[in-house]
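Each ligand, and each atom within it, is numbered from 1 in the order the structure gives. These values consider heavy atoms only, across backbone and side chains, with no hydrogens, waters or symmetry-generated copies. Keep in mind that this is a model prediction, so the values were computed, not measured.
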Amino acid sequence: MIKVWGRRDGSNVIKAMWCIGELGIPYERIDWGGKFGGNDDPAYLAKNPNGRLPTIEEEDGWCVWESGAVIRYLSAKHDMGGLYPADPRDRADADRWMDWSSLNLAGFNQVYLDYHFRLSPAERDIAKMEAAVKATIPRLDVLNAHLASRNYVGGDRLTIGDIPAGALIHRWMTWTPKDLLPSHPHVAAWYARLCERPAYKEHVMEATNKPAA
Ligand SMILES: N[C@@H](CCC(=O)N[C@@H](CS)C(=O)NCC(=O)O)C(=O)O
């Protein structure tokens, strides 16, 4: 059985766990990092020299880190031709959205984390939230147009391409103040489809922290 090192609510752990849930593979997850600590532990650093989460450890001790690499490795190993498209062009169609999500979409996440969980109400600056929303809208315009003609990012079924963006979109939908949330109907329809998936419910929706009301 694989071991997953990482606290359940970490944004990059969530991606790996959703992938594992979709694949239906057995795992043991060890609470690590954040309030659990351990990132500086020499034995952990031998598994992942970055001291970050998640790290996936196979039974023979072989490890993979970087959430995108984790998703690609596990889905290629366990669902070639499914979650991991077998055809190189189909794979590239999906795969590019993984990098796109990390490089283009994820920027709002740190601002939202600060606003909702790290800063006291007196320290919060709504202007920073508004700026993060404004910067994200053009990214979501691109995703929205892409999803106008397909049910999932990579085509008619869930692939690796949906995972990073799909994990982030739950934060966008639930952490953006309602009066700032713009309309992206095709993104909203895709999000509704994701919300129907048991693995998404368990590893994304239930694992994502809820801001105080
Ligand atoms: N690019 C890395 C980023 C890893 C990362 O920064 N993970 C965060 C958690 S999501 C972390 O380790 N934070 C320190 C901690 O939670 O202790 C990946 O995608 O896996």
Side-chain angles (χ1 to χ4, degrees), residues 2-23 25 27-58 61-78 83-84 91 94-119 132 136 139 143 153-154 158-176 194 199-200 202-211:
I2 58 168
K3 282 185 186 161
V4 181
W5 298 83
R7 59 188 168 86
R8 186 179 189 230
D9 57 357
S11 54
N12 296 296
V13 179
I14 283 175
K15 291 188 242 169
M17 290 306 301
W18 177 23
C19 178
I20 288 166
E22 291 289 346
L23 294 169
I25 52 178
Y27 65 89
E28 176 196 355
R29 192 184 55 74
I30 300 124
D31 277 325
W32 206 259
K35 68 180 181 188
F36 303 101
N39 292 350
D40 297 334
D41 175 43
Y44 184 69
L45 288 170
K47 300 179 203 302
N48 179 345
N50 305 291
R52 308 294 283 184
L53 322 166
T55 301
I56 307 302
E57 183 174 0
E58 290 277 24
W62 182 84
C63 292
V64 57
W65 39 263
E66 276 298 330
S67 54
V70 166
I71 292 164
R72 291 177 178 102
Y73 167 70
L74 290 175
S75 54
K77 180 175 176 188
H78 296 282
L83 201 58
Y84 195 78
R91 185 156 69 239
D95 199 356
R96 59 187 168 186
W97 289 96
M98 295 182 68
D99 292 343
W100 176 88
S101 297
S102 303
L103 297 169
N104 293 310
L105 185 61
F108 75 88
N109 188 44
Q110 285 304 322
V111 178
Y112 281 28
L113 281 168
D114 286 344
Y115 188 88
H116 288 303
F117 303 106
R118 293 177 181 148
L119 299 174
T136 307
R139 318 299 195 181
L143 183 60
V153 162
L158 190 89
T159 65
I160 53 172
D162 293 281
I163 293 182
L168 280 168
I169 216 67
H170 180 65
R171 294 178 176 216
W172 175 257
M173 293 296 194
T174 59
W175 291 0
T176 305
L194 298 182
Y200 191 81
E202 179 179 355
H203 298 293
V204 181
M205 298 169 76
E206 290 169 19
T208 298
N209 293 321
K210 291 167 189 51

*Looking at the rings of Phe36 and Trp5, which for Trp means the six-membered one, are their centres under 6.0 Å apart?*
no
Across all chains, not counting sequence neighbours, the salt bridge (charged side-chain N to carboxylate O under 4.0 Å, His left out) partners of Arg72 are Asp95, Asp99
**Side-chain donor or acceptor of Arg29 paired with backbone N/O of Gly6 under 3.5 Å** = yes
Taking every heavy atom of Ile160 against every heavy atom of Ala94, the minimum-distance pair comes out as CG1-CB, 4.2 Å
Residues with a heavy atom under 4.0 Å from ligand 1, by chain and number, are Arg7, Gly10, Ser11, Asn12, Gly33, Gly34, Asn39, Arg52, Leu53, Pro54, Glu66, Ser67
Sorted by chain and number, sequence neighbours left out, salt bridge (charged side-chain N to carboxylate O under 4.0 Å, His left out) with Glu66 holds for none
By side-chain hydrogen bond (donor to acceptor under 3.5 Å, both in side chains), Thr136 pairs with (sequence neighbours left out) none
